[in-house]
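Input: a single structure, listed below in structure tokens.
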Protein chains: 2
Amino acid sequence: MERRPRETSLRSRGRRGNAEARQRAVLDAALEVFLAKGFAAARLDDIAARAGVAKGTIYLYFRDKEHLFQALLREAVGPVITRVEGLLPSFAGSTGDLLHMIAELMDREILQTRRKDLLRLIIAEGPRFPWLSEFYWREVVSRGLAIIRAVGARAVARGEFASDALERFPQLLPAPMLVAVIWGALFDRFDKLDTRALLDAHVDILVRGLARRDS
Amino acid sequence: MERRPRETSLRSRGRRGNAEARQRAVLDAALEVFLAKGFAAARLDDIAARAGVAKGTIYLYFRDKEHLFQALLREAVGPVITRVEGLLPSFAGSTGDLLHMIAELMDREILQTRRKDLLRLIIAEGPRFPWLSEFYWREVVSRGLAIIRAVGARAVARGEFASDALERFPQLLPAPMLVAVIWGALFDRFDKLDTRALLDAHVDILVRGLARRDS
DNA sequence: ACGCTATGACTGACTGGTCAGTCATTAATA
DNA sequence: TATTAATGACTGACCAGTCAGTCATAGCGT
């Protein structure tokens with residue numbers, strides 16, 4: 001019927017040795033499409049089209065839709081938490097400063113990037129795909145909570161906090177970040193939310209609420 | 001081929017005058033199936049089977065899948081917030097007691113019921129179904145935030161709170177409830193979470209963090 | 001009282017459309 | 001020419017929504 005364009009960037013050019021570039025293109029395209037549609041509703045035809053590749057090509061590099069999504073998560077999510085883990089031991093300032101730094105990090109590295117959408121996707125699709133929540137628990141959540149517990153213990157040890165509530169409920173620290181993620185996805189068009197200010201207000205309340213009476 | 005059972009509770013018995021009972025059966029079945037599968041993945045065939053009704057019958061009572069889900073939400077979600085709105089004006093105690101009461105209510109009426117799953121469903125499906133987030137914003141979120149702002153203003157007026165942070169960021173109060181919802185759906189099998197204790201710990205921190213220095 | 005017919009609630013096979021994954025074919029490289 | 005990456009038409013499964021037909025009941029006429 002019609003001649004397909006034969007010289008598109010990736011298509012059919014430099015056939016050997018481009019395996020890596022093609023895999024990259026597929027992963028990038030998959031990120032876009034999964035974020036826009038969710039895991040279940042994302043269409044592999046769309047991903048292929050956006051990557052400038054035929055659908056069959058995807059199956060040369062990834063077993064199936066699920067493995068493609070896992071590969072995506074692994075490379076997007078792993079590095080961040082590892083960086084944060086490295087940050088903590090060397091920090092010398094007050095717990096208040098430390099928590100504000102973490103809040104700033106949450107805002108800059110998650111809420112202001114595509115990672116917030118990935119986080120939302122995990123929240124949305126996790127319940128129906130147990131491998132997803134299991135992956136996220138292992139790679140991120142358990143490690144994140146350990147960091148927060150360490151911060152709480154450090155604050156108590158330094159005599160800054162009177163309460164061990166942060167060790168018992170480390171979930172309290174990231175709570176407003178989750179609210180911000182959900183807010184951005186559902187209600188931002190009705191009422192804008194200053195996420196950075198929200199996180200800082202929360203940290204202030206936390207520090208003041210957990211602090212010893214004196215000072 | 002085979003005789004369908006002719007005397008099942010609803011089917012073919014009391015053909016006239018059972019409209020209400022059938023609608024109830026469909027709504028109950030729809031709740032179960034939507035919670036189990038999510039909005040997009042729920043199958044009307046399943047809902048019909050569970051309601052003991054033919055698929056076509058659903059369309060006698062509801063225009064389509066979307067309107068069925070809306071009807072469900074309306075009856076499950078509306079009454080609660082209305083009840084809470086009625087509670088506030090008559091409350092005479094301290095803000096701490098008021099907030100603990102609200103926390104208890106969140107736990108008992110949402111986290112301990114199916115409503116938590118409905119809330120999760122709205123978080124999960126809202127971004128891809130704007131009518132959903134619009135509905136929830138109008139019926140619940142905007143009204144809930146107004147209540148919280150009123151509580152914050154009352155606390156400042158009574159001289160209990162030094163800060164107006166709760167009025168500026170009312171989202172901070174329900175934040176741990178959302179965490180609990182997400183936790184229950186994704187991570188409970190790895191690490192149980194005492195939601196009631198979490199909410200109480202949060203309220204304590206909030207009250208202490210916002211309070212005036214004296215007392 | 002009793003049969004008979006009109007009504008409309010209810011049914012479920014069917015349609016049209018969607019999409020993950022396959023595989024016979026094509027064509028670029030060595 | 002032989003090898004193998006890449007392609008995309010195709011298959012089989014799925015499902016929302018439709019509609020021609022069924023049948024329990026109401027109520028009319030006798």
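Values below: all heavy atoms of this structure, side chains included; hydrogens, waters and symmetry mates excluded. Chain naming here is simple, since letters A, B, ... match the order of the sequence lines and numbering starts at 1 in each. For clarity, every value in this text was computed on a predicted model and none was experimentally measured.
Going from atom CG of Leu60(B) over to atom C1' of dG21(D) covers 14 Å, rounded to whole Å. Atom-to-atom, CZ of Arg63(A) to C1' of dG21(C) comes out at 13 Å; the value is rounded to the nearest Å. One atom, CD1 of Ile47(B), and another, P of dG17(D), lie 11 Å apart when rounded to the nearest Å. Following rounding to the nearest Å, Leu68(A) (CG) and dG21(C) (P) show an atom-to-atom distance of 10 Å. One atom, CD1 of Ile58(B), and another, C1' of dC19(D), lie 16 Å apart when rounded to the nearest Å.
The side chain of Arg22(B) contributes an N or O atom lying less than 4.0 Å from OP1 or OP2 of dC10(C).
Within a 6.0 Å sphere centred on CZ of Arg108(B), heavy atoms belonging to other residues, nucleotides or ligands number more than 12.
Within the structure, the salt bridge (charged side-chain N to carboxylate O under 4.0 Å, His left out) test picks out the following pairs touching residues 42-54 of chain B (sequence neighbours left out): Lys37(B)-Asp46(B), Arg43(B)-Asp46(B), Asp45(B)-Lys55(B). For residues 68-79 of chain B, the pairs satisfying side-chain hydrogen bond (donor to acceptor under 3.5 Å, both in side chains) are Arg24(B)-Glu75(B), with sequence neighbours left out. The stretch residues 165-188 of chain B participates, sequence neighbours left out, in these side-chain hydrogen bond (donor to acceptor under 3.5 Å, both in side chains) pairs: Asp164(B)-Arg168(B).
Residues that satisfy the salt bridge (Lys or Arg N to Asp or Glu O under 4.0 Å) test with Arg83(A), not counting sequence neighbours, are Glu109(A). Applying the salt bridge (Lys or Arg N to Asp or Glu O under 4.0 Å) rule to Asp117(B) yields the partners Arg120(B); only residues at least two apart in sequence or on another chain are considered. The salt bridge (Lys or Arg N to Asp or Glu O under 4.0 Å) test applied to Arg143(A) returns Glu85(A), not counting sequence neighbours. Under the rule for a salt bridge (Lys or Arg N to Asp or Glu O under 4.0 Å), Arg154(B) has no partner lying at least two apart in sequence or in another chain. Listed by chain and residue number, nothing satisfies the ring pair (Phe, Tyr, Trp, His ring centres under 6.0 Å) test with Phe62(B) (two or more places apart in sequence, or in another chain).
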Per-pair distances, 0.1 Å, donor-acceptor, side chain in residues 196-207 of chain A, under 3.5 Å, sequence neighbours excluded:
from: Asp200(A); atom 1: OD1; to: His100(A); atom 2: ND1; distance (Å): 3.0
from: His202(A); atom 1: NE2; to: Leu172(A); atom 2: O; distance (Å): 2.9
from: Asp204(A); atom 1: OD1; to: His100(A); atom 2: NE2; distance (Å): 2.8

Identify each atom pair where a protein N or O and an N or O of nucleotides 17-20 of chain C are less than 3.5 Å apart, giving names and distance.
from: dC19(C); atom 1: OP1; to: Arg43(A); atom 2: NE; distance (Å): 3.3
from: dC19(C); atom 1: OP2; to: Arg43(A); atom 2: NE; distance (Å): 3.4
from: dC19(C); atom 1: OP2; to: Arg43(A); atom 2: NH1; distance (Å): 3.3
from: dA20(C); atom 1: OP1; to: Ala42(A); atom 2: O; distance (Å): 2.7
from: dA20(C); atom 1: OP1; to: Lys65(A); atom 2: NZ; distance (Å): 3.3
from: dA20(C); atom 1: OP2; to: Leu44(A); atom 2: N; distance (Å): 3.0
from: dA20(C); atom 1: N7; to: Lys55(A); atom 2: NZ; distance (Å): 3.0

Verdict with supporting geometry, Ser133(A) and Arg189(B), side chain to side chain donor-acceptor pair (under 3.5 Å)
CA-CA 10 Å; Ser133(A) 47; Arg189(B) 60 199 160 120; 2.6 Å; yes

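Residue Phe62(B) is out of contact with every strand shown, counting any heavy-atom pair closer than 4.0 Å.
Between the two ends of the helix from dA1(C)-dT30(D) to dA30(C)-dT1(D), each summarised by a five-pair axis, the helix axis turns through 10° (rounded to 10 degrees).
Within residues 126-133 of chain B, no residue is approached by DNA chain D to less than 4.0 Å at the level of any non-hydrogen atom.
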